[in-house]
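Quick notes on the structure that follows.
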Amino acid sequence: MPSLARSCGLTLLAVLCFSGAPAHAQARLEAHYSATIAGLPIGTGSWVIDISDMQYSAAVSGQTSGLLRALASIGLFVEDEQHRFSLTATGQYLRTDHPLSADPLARFFGADYEWRAWADLLHSVRTGETAAVHALGVDVWEHRQRHPDDRATFDAAMRTLSRAQIGPLLAAHDFGRYTQIVDIGGGTGALLAGILRTHPLVRGTLFDQPHVIANAAPVLQEAGIADRVTVVAGDFFSDVPAGADAYLLRKILHDWHDADCVRILHAVRRAVTQRSRLLIVDAVVGPPNEDPQSKFLDLMMLVTAGGRERTEPEWRALLAEGRFRLERITSATPANHVIEAVPD
Ligand code: SAH
């Protein structure tokens with residue numbers, strides 16, 4: 001079934017790429033993925049590829065022109081009458097020296113272990129089990145812990161996604177009203193850094209697994225907010241830092257089945273005060289025949305992490321099981337809603 005898996009994977013990429021906001025930021029993903037697997041010298045500054053140059057063609061193989069032609073048809077390159085290709089404004093995101101370079105995402109989506117999981121899509125569809133576990137023998141977190149390169153790529157991809165989403169998220173929710181935000185499973189801190197840069201009076205706690213937290217310092221220092229952040233390593237299934245007025249869980253609960261989510265929510269519930277607010281940033285699955293972002297992301301969660309995306313009633317029920325009450329949902333981007341809840 002690899003072909004089914006691959007076409008679903010590509011469809012997923014295409015959907016992530018070409019729908020939703022910020023549209024031009026997402027349009028870059030698929031192209032860069034393709035460009036990366038072709039081994040193109042992307043990221044070496046501004047460049048033009050002249051495929052009529054025999055030497056160059058020989059070096060990069062005859063398929064390059066087909067690849068670039070396809071990418072030009074979706075606006076990432078421009079092909080001129082001499083069949084020379086140059087990057088468009090959107091295509092600039094393909095460069096590794098772009099501040100919001102899609103390079104880490106491309107390497108994450110293209111990683112061998114991710115493809116092996118997708119190749120087992122049918123197993124997940126038939127059994128409901130996580131394809132990654134079936135294909136790799138361990139879950140993705142364990143796999144990444146054992147393979148530092150894959151982990152570094154994943155962490156970098158999450159940083160890129162967080163940075164790309166920070167503007168819409170800050171517009172959707174006023175984080176300036178909190179004094180202390182705990183970012184649970186906050187990765188290497190890119191989101192917390194974005195929030196704290198915008199709100200100079202807010203302090204933060206970054207909480208994640210020890211081997212992830214170990215790489216947070218440069219991200220926090222570069223953003224100039226390290227002095228306002230406490231970094232805590234731990235396991236969100238057992239205990240999380242107590243007493244803050246906001247608890248942020250971005251793209252955490254969609255990684256897990258309901259029973260695991262309830263364990264995470266209970267750990268948070270033990271840490272909150274009556275005045276704390278829980279801020280979940282995740283997709284809220286839209287109505288039938290709409291919202292491909294959430295629905296394909298749901299498949300990705302099924303296949304890789306072993307989680308799922310949820311509808312509003314499902315969020316309400318899950319939160320109630322975790323002893324929280326859903327208060328409000330605000331949309332930041334199609335698959336990024338702010339789901340606000342309070343202790344019940
Ligand atoms: N919130 C970040 C990262 C999301 S990826 C963002 O929005 O970009 C999920 C994160 O959960 C990863 O950083 C991973 O290291 C963390 N994680 C997974 N299992 C964990 C556990 N048991 N305890 C704490 N963090 C965990």
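Note that ligands are numbered from 1 as they come in the structure, with each ligand's atoms numbered from 1 the same way.
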Can you produce the list of protein nitrogen or oxygen atoms under 3.5 Å from a nitrogen or oxygen of ligand 1, alongside each distance?
from     : atom 1 : to     : atom 2 : distance (Å)
ligand 1 : 1 (N)  : Gly185 : O      : 2.7
ligand 1 : 1 (N)  : Arg250 : O      : 2.8
ligand 1 : 7 (O)  : Arg250 : O      : 3.3
ligand 1 : 7 (O)  : Arg250 : NH1    : 2.6
ligand 1 : 8 (O)  : Ser162 : OG     : 2.9
ligand 1 : 8 (O)  : Arg250 : NH1    : 3.4
ligand 1 : 13 (O) : Asp208 : OD2    : 2.7
ligand 1 : 15 (O) : Asp208 : OD1    : 2.6
ligand 1 : 15 (O) : Gln209 : NE2    : 2.9
ligand 1 : 22 (N) : Asp235 : OD1    : 2.9
ligand 1 : 23 (N) : Phe236 : N      : 2.9

task = Would you check if Leu319 and Leu278 make a side-chain contact, meaning some heavy-atom pair closer than 4.5 Å?
result =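 Yes, close enough: below the 4.5 Å cut-off.
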message = Run the ring pair (Phe, Tyr, Trp, His ring centres under 6.0 Å) test against His266 and tell me which residues pass, sequence neighbours left out.
response =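 Ring pair (Phe, Tyr, Trp, His ring centres under 6.0 Å) check on His266 returns nothing, list empty.
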From Asp260, Asp298, Asp258, residue fulfilling salt bridge (Lys or Arg N to Asp or Glu O under 4.0 Å) relative to Arg308 = Asp258
inquiry  = For Trp256 together with Phe237, are the ring centres under 6.0 Å from each other?
reply    = yes
task = State yes or no: are the ring centers of Phe324 and Trp315 separated by less than 6.0 Å?
result = no
query = Does the pair Arg116/Asp112 count as a salt bridge with the N-to-O cut at 4.0 Å?
reply = yes
